[in-house]
Amino acid sequence: SNKADDFAREMAEALLPDGDLTVVRGELPGVPRKPDPTAALELARLLEIPPARLAFVGDSGIDVSTGRAAGMTPLGVLWGYRDREELESAGAEALFATPAALGDYLLGAGGDPSPEVIHGPL
């Protein structure tokens, strides 16, 4: 997140108290802000997962640009503060209308895509 690190961690704990989050990071001194991929690549390193095997999910063109710059799959969500056109023009590979649709996609539920998933390339 580009939010302060303490805030990002507090929100993750408050909103996902039973969540199984390995790493939560916000803005840290000396680390460039998104869309610079430095922080995203550091998370991939900490998780020991190649960037190409990760999705970068966000609600803005900056998030999509960050994912692309990091070599991750950029996915857009439509319940954030930016609109579909911004996510499409930034190059999101897929857009999601609901958290459930995103979860199914990430977990590989398979089958026909729901109408809540708008597949790319866009």
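Because only heavy atoms are used, hydrogens play no part in the values below, and waters and symmetry mates are left out as well, while side chains stay in. The residues of the chain are indexed from 1 along the displayed sequence.
- In this structure, the side chain of Glu93 does not engage the main chain of Thr73 through any donor-acceptor pair within 3.5 Å.
- Here the side chains of Leu106 and Leu75 are in contact, with some heavy-atom distance below 4.5 Å.
- Looking at every heavy atom in both residues, Ala70 comes nearest to Pro51 through O-CB, 3.2 Å.
- Proximity of Tyr81 to Glu86: side-chain heavy atoms (C-beta onward) are nowhere separated by under 4.5 Å.
- In this structure a side-chain-to-backbone donor-acceptor pair under 3.5 Å is present from Asp63 to Asp59.
- Lys3 is not listed as a side-chain neighbour of Met11, based on a closest heavy-atom distance of 4.5 Å or more.
- Across every non-hydrogen atom of Ala90 and Ser65, the tightest pair is CB-OG, 4.5 Å.
- Linking ILVMFWY side-chain heavy atoms closer than 4.5 Å, directly or via other members, places Met72 and Ile49 in a single hydrophobic cluster.
- No side-chain heavy atom of Arg33 sits less than 4.5 Å from a side-chain heavy atom of Ile62.
- In this structure the side chain of Arg9 reaches within 4.5 angstrom of the side chain of Arg25, judged on heavy atoms.
- Between Trp79 and Phe96, the shortest heavy-atom contact is CZ3-O, 3.6 Å.
- At distances below 3.5 Å, at least one donor-acceptor pair connects side-chain atoms of Arg68 with backbone N or O atoms of Gly91.
- By the rule that hydrophobic residues join a cluster once side-chain heavy atoms approach within less than 4.5 Å of another member, Leu46 and Leu41 end up as members of separate clusters.
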- Query: Taking it one step at a time, do Leu78 and Leu87 satisfy side-chain contact (heavy atoms from CB on, under 4.5 Å)?
  - Reply: CA-CA 9 Å; Leu78 300 173; Leu87 296 166; 3.8 Å; yes
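- Between Glu88 and Leu95 the shortest side-chain heavy-atom distance falls below 4.5 Å.
- Linking Ile, Leu, Val, Met, Phe, Trp and Tyr whenever their side-chain heavy atoms come within less than 4.5 Å puts Val23 and Leu54 in one cluster.
- How far CG of Asp5 is from CD of Glu10: 10.0 Å, rounded to the nearest 0.5 Å.
- The shortest distance between side-chain heavy atoms of Leu102 and Val77 falls below 4.5 Å.
- Both Phe56 and Leu47 belong to a common hydrophobic cluster when Ile, Leu, Val, Met, Phe, Trp and Tyr are linked at side-chain heavy-atom distances under 4.5 angstrom.
- For the pair Thr66 and Asp36, the minimum side-chain heavy-atom distance is 4.5 Å or more.
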